[in-house]
Colleague: 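Dropping the structure in here first, questions after.
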Protein chains: 2
Amino acid sequence: MTLPDTVLMGVKPVIRELAAGETLFAAGDAARGFFLVRSGRMRLVRFSAGGRETALFVAGPGERFAEASLFAETYHCDAVALIESSVACFPKAAVLTLLQANTSATMDLMADLARQVMDLRAALTLRDIRSARERVLAYLVARAGRDGRTISIDGRLKDVAAAIGLTPEALYRTLAQLEAEGAVRRGEDSITLT
Amino acid sequence: MTLPDTVLMGVKPVIRELAAGETLFAAGDAARGFFLVRSGRMRLVRFSAGGRETALFVAGPGERFAEASLFAETYHCDAVALIESSVACFPKAAVLTLLQANTSATMDLMADLARQVMDLRAALTLRDIRSARERVLAYLVARAGRDGRTISIDGRLKDVAAAIGLTPEALYRTLAQLEAEGAVRRGEDSITLT
DNA sequence: CGCTTCATTGACACACATCAATGACAGTGG
DNA sequence: CCACTGTCATTGATGTGTGTCAATGAAGCG
């Protein structure tokens with residue numbers, strides 16, 4: 001989820017700390033560059049004519065946002081800190097210069113973007129599965145390791161639930177049911193398909 | 001959703017026609033390049049140890065898939081035609097050569113990928129809105145034109161429904177309700193927020 | 001003209017969200 | 001060292017919002 005080292009190390013980012021509710025940039029502002037969340041949570045919002053607010057994206061630690069600003073003159077939404085946050089700003093000019101000079105960094109960044117596109121599409125396809133049971137199974141299959149059976153669970157289950165668009169309760173119940181049926185086996189930090 | 005002209009025109013794609021159910025490539029095959037759906041519908045699937053099949057992505061006309069194969073040795077899933085389909089294959093070597101030679105094409109492709117990432121994230125965030133009413137409103141705000149009020153509907157409403165993860169019926173009902181409340185006004189090929 | 005697809009509305013059921021309660025566990029501070 | 005606090009995991013009870021099935025009209029099309 002972080003930038004390839006070549007780019008991160010090649011461009012020195014500017015660190016910016018934000019209080020909860022503080023605005024990082026607004027729609028129409030000149031695009032300074034893209035950002036990486038170091039801590040906290042940034043919310044990208046767009047406003048309709050009637051003042052209605054809509055979240056386009058919520059970025060957590062390690063996630064980048066506003067990458068497309070590298071190729072645009074201005075930002076097209078507002079970025080507001082949901083909670084106290086720290087972000088790294090990668091200046092547009094410096095990044096573009098680096099990309100023109102260093103083809104290796106360019107390829108790395110492009111590879112990273114291509115992988116993100118695939119991951120996001122997979123996540124989106126997962127959401128099209130209505131049934132919690134089938135969605136969980138699909139998630140497990142997609143995340144299975146080399147043996148095609150074992151899935152390591154790094155964080156908390158509630159984060160997994162959020163990642164696949166279920167409430168924690170729905171995930172707990174589904175996993176319990178799958179285990180009762182013998183479809184999966186649960187370990188300490190892992191789940192195994194059977 | 002289609003590749004920038006510079007890349008499309010710079011690399012001559014190989015056209016491949018597939019019957020329903022025919023396999024384009026399988027996991028483990030050497031990566032030949034990425035593809036663009038010209039017509040039909042391609043399904044990217046992964047199989048678990050138990051033979052369980054999971055769709056990672058379904059690509060429709062105008063959509064690309066397997067872009068990450070440019071940066072990988074082999075494919076990591078199977079691509080099967082869901083219905084009779086025609087795809088354009090952009091050979092890996094030719095694309096990479098072009099990207100190294102032509103920085104303009106590289107920037108175009110990267111800009112396209114960055115935009116896709118943002119779009120996909122926005123789509124994913126949209127799916128986190130449970131309520132059909134709120135989700136439809138958020139979609140409309142996000143797709144509003146320059147005035148922030150008018151949304152042009154190109155295709156059919158059922159496609160819109162699929163794009164936001166609702167059944168056509170749910171969308172019809174929601175729009176009817178919003179119109180009845182006076183929240184939106186519906187034109188021939190457009191919807192206006194009020 | 002049939003035939004197909006889309007848009008629309010109705011009726012109904014069920015799966016999941018929601019609210020609630022409990023136990024386990026880690027961290028914290030007196 | 002032990003209450004105290006907060007979070008997560010888990011399970012139960014309940015309601016409702018969508019999905020699903022179904023029927024109709026309208027529009028395009030060969």
Side-chain angles (χ1 to χ4, degrees), chain A residues 39-41 55 60-61 82-84 123-140 151-192, chain B residues 20 39-41 55 58 60-61 82-84 123-140 151-192:
Chain A
S39 67
R41 200 162 288 269
L82 210 53
I83 56 179
E84 186 184 355
L124 210 47
T125 304
L126 197 67
R127 303 299 184 96
D128 284 337
I129 304 174
R130 319 263 186 213
S131 156
R133 178 200 165 82
E134 296 307 310
R135 196 189 299 179
V136 169
L137 279 172
Y139 171 80
L140 293 176
I151 300 92
S152 67
I153 306 295
D154 326 312
R156 293 151 301 186
L157 278 180
K158 66 172 298 199
D159 292 332
V160 173
I164 63 180
L166 287 176
T167 57
E169 293 95 325
L171 177 61
Y172 297 143
R173 269 184 255 271
T174 305
L175 283 177
Q177 184 195 342
L178 288 173
E179 193 175 22
E181 292 172 5
V184 304
R185 216 168 16 196
R186 302 182 60 180
E188 189 66 20
D189 296 322
S190 67
I191 298 176
T192 308
Chain B
S39 68
R41 199 162 288 267
V58 177
L82 211 53
I83 56 179
E84 185 183 357
L124 209 48
T125 304
L126 197 68
R127 301 298 183 97
D128 284 338
I129 303 174
R130 318 257 185 218
S131 154
R133 178 200 164 82
E134 295 306 310
R135 195 189 299 180
V136 169
L137 279 172
Y139 172 79
L140 293 177
I151 299 92
S152 68
I153 306 295
D154 326 312
R156 294 152 298 186
L157 277 182
K158 66 171 298 199
D159 292 332
V160 173
I164 62 180
L166 288 176
T167 58
E169 293 94 325
L171 177 61
Y172 297 144
R173 267 185 259 272
T174 305
L175 282 177
Q177 184 194 342
L178 287 173
E179 194 174 21
E181 292 171 5
V184 304
R185 218 171 12 200
R186 304 182 59 180
E188 188 66 21
D189 296 324
S190 68
I191 297 176
T192 308

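All heavy atoms count here, side chains included; hydrogens, waters and symmetry mates do not. Chain naming here is simple, since letters A, B, ... match the order of the sequence lines and numbering starts at 1 in each.
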Colleague: Apply side chain to side chain contact (heavy atoms under 4.5 Å, CB included) to A/Val184 and A/Val136, showing your working.
Modeller: CA-CA 11 Å; A/Val184 304; A/Val136 169; over 6 Å; no

Colleague: Would you say B/Arg186 and B/Leu178 make side-chain contact, with heavy atoms under 4.5 Å?
Modeller: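 No, their side chains stay 4.5 Å or more apart.
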
Colleague: If you take all heavy atoms of A/Pro61 and A/Ser39, which pair is closest and at what distance?
Modeller: CG-CA, 4.3 Å

Colleague: Can you list, by residue number, the residues of residues 170-182 of chain A that have a non-hydrogen atom closer than 4.0 angstrom to DNA chain C?
Modeller: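 Hits under 4.0 Å, by residue number: A/Ala170, A/Arg173.
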
Colleague: Partners of B/Ala170 by side-chain contact (heavy atoms from CB on, under 4.5 Å), sequence neighbours excluded?
Modeller: B/Leu166, B/Thr167

Colleague: Can you sort out the partners of B/Arg135 under side chain to side chain donor-acceptor pair (under 3.5 Å), two or more places apart, ordered by chain and number?
Modeller: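 B/Arg135: no side chain to side chain donor-acceptor pair (under 3.5 Å) contacts found.
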
Colleague: Closer than 4.0 Å, any side-chain N/O of A/Thr167 to the OP1 or OP2 of C/dC16?
Modeller: no

Colleague: With sequence neighbours left out, what residues match A/Asp189 under side-chain contact (heavy atoms from CB on, under 4.5 Å)?
Modeller: none

Colleague: Report for the helix from C/dC1-D/dG30 to C/dG30-D/dC1: angle between first-end and last-end helix axes, five pairs each, rounded to 10 degrees.
Modeller: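 The value is 40°.
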
Colleague: Using whole Å, report how far CD of A/Glu169 lies from C1' of C/dC19.
Modeller: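 After rounding, the reported distance stands at 9 Å.
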
Colleague: Measure the spacing between CG of A/Leu175 and CG of A/Leu140 and express it to the nearest 0.5 Å.
Modeller: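 Going from CG on A/Leu175 over to CG on A/Leu140, the span is 7.0 Å.
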
Colleague: Which residues pass the side-chain contact (heavy atoms from CB on, under 4.5 Å) test with A/Thr192, sequence neighbours left out?
Modeller: A/Arg149, A/Thr150, A/Arg185

Colleague: With heavy atoms of chain A within less than 4.0 Å as the criterion, where does contact along DNA chain D begin and end?
Modeller: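 First and last nucleotides in contact are D/dC8 to D/dG19.
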
Colleague: Strictly by side-chain hydrogen bond (donor to acceptor under 3.5 Å, both in side chains), give each pair with a member in residues 173-184 of chain B just once, sequence neighbours left out.
Modeller: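 Only B/Arg133-B/Glu181, B/Gln177-B/Glu181 qualify under side-chain hydrogen bond (donor to acceptor under 3.5 Å, both in side chains).
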
Colleague: Taking any heavy-atom pair under 4.0 Å as a contact, classify B/Arg186: base, sugar-phosphate, or nothing.
Modeller: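 If one applies the 4.0 Å heavy-atom cut-off, B/Arg186 turns out to touch the sugar-phosphate alone, with no base involved.
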
Colleague: Which residues pass the side-chain contact (heavy atoms from CB on, under 4.5 Å) test with A/Ile153, sequence neighbours left out?
Modeller: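 Result, side-chain contact (heavy atoms from CB on, under 4.5 Å) vs A/Ile153: A/Ile151, A/Leu157, A/Val160, A/Ile191.
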
Colleague: Which residue pairs pass the side-chain hydrogen bond (donor to acceptor under 3.5 Å, both in side chains) test when at least one of the two sits in residues 156-165 of chain B, sequence neighbours left out?
Modeller: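 Applying side-chain hydrogen bond (donor to acceptor under 3.5 Å, both in side chains) to every pair that reaches into residues 156-165 of chain B, excluding sequence neighbours, yields B/Arg156-B/Asp159.
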
Colleague: Would you jot down, in residue-number order, the residues of residues 154-165 of chain A having a non-hydrogen atom under 4.0 Å from DNA chain D?
Modeller: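 Going residue by residue through residues 154-165 of chain A, the ones with a heavy atom under 4.0 Å of DNA chain D turn out to be A/Arg156, A/Leu157, A/Lys158.
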
Colleague: Quick check: closest heavy atoms across A/Glu134 and A/Ile129, and the distance to 0.1 Å?
Modeller: CB-CG2, 3.5 Å

Colleague: What pairs with B/Arg41 under salt bridge (charged side-chain N to carboxylate O under 4.0 Å, His left out), at least two apart in sequence or on another chain?
Modeller: none

